**Student:** 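Dropping a structure here in structure tokens format, bear with me for questions.
On a predicted model such as this, the values are computed, not experimentally measured, just so you know.
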Amino acid sequence: MKIFIWTLTIIAVALIIFNATKLNFDNLLMGESQTAIITIFSALCAIVLLQILRISKKIEALSKKAK
């Protein structure tokens, strides 16, 4: 599970970097830039959710260990 979470995190970071190159700062909310912004925010949300999952698994392991 740990490898799966880190793999998805790396893919999300790669998506952010790729879409950052697609941004047109003169016209951020039009065309391809709009799609890039939406994808960047989606990838950021995915990273946050994956890190929450990683931390919850760590807490679960610690609570099982304590019992």
Side-chain angles (χ1 to χ4, degrees):
M1 183 66 127
K2 190 184 293 188
I3 295 172
F4 178 70
I5 291 172
W6 283 109
T7 303
L8 287 179
T9 302
I10 291 170
I11 290 170
V13 169
L15 276 172
I16 290 171
I17 293 169
F18 174 74
N19 283 302
T21 63
K22 299 288 183 178
L23 291 176
N24 178 7
F25 292 104
D26 293 331
N27 221 355
L28 272 178
L29 298 176
M30 295 298 243
E32 208 171 278
S33 290
Q34 183 180 15
T35 306
I37 288 175
I38 292 169
T39 309
I40 288 170
F41 284 130
S42 299
L44 288 171
C45 290
I47 290 171
V48 168
L49 289 172
L50 287 168
Q51 297 312 310
I52 290 171
L53 177 64
R54 184 180 62 84
I55 291 169
S56 70
K57 290 293 183 182
K58 188 181 285 188
I59 291 171
E60 181 182 4
L62 288 174
S63 67
K64 284 183 180 178
K65 192 177 186 183
K67 290 183 179 180

**Student:** Among I17, I11, L15, whose side chain to side chain contact (heavy atoms under 4.5 Å, CB included) with V13 holds?
**Tutor:** I17
**Student:** Show me, pair by pair, the donor-acceptor contacts under 3.5 angstrom made by side chains of residues 36-50, not counting sequence neighbours?
**Tutor:**
unit_1 : atom_1 : unit_2 : atom_2 : d
T39    : OG1    : T35    : O      : 2.8
S42    : OG     : I38    : O      : 2.9

**Student:** So with a 6.0 Å cut-off around CG of L29, is the heavy-atom count from everything else above 12?
**Tutor:** no
**Student:** Rounded to the nearest 0.5 Å, what's the gap from CD on Q51 to OG on S56? Could you check?
**Tutor:** 10.5 Å
**Student:** Do L8 and M1 belong together in a cluster built from hydrophobic side chains that touch within less than 4.5 Å?
**Tutor:** yes
**Student:** What is the distance from atom CG of N24 to atom CE of M30, rounded to the nearest 0.5 Å?
**Tutor:** 11.0 Å
**Student:** Among all residues two or more places apart in sequence or in another chain, which pass the side-chain hydrogen bond (donor to acceptor under 3.5 Å, both in side chains) test with E32?
**Tutor:** none
**Student:** Got a second to check how far T9's OG1 is from R54's CZ, nearest 0.5 Å?
**Tutor:** 8.0 Å
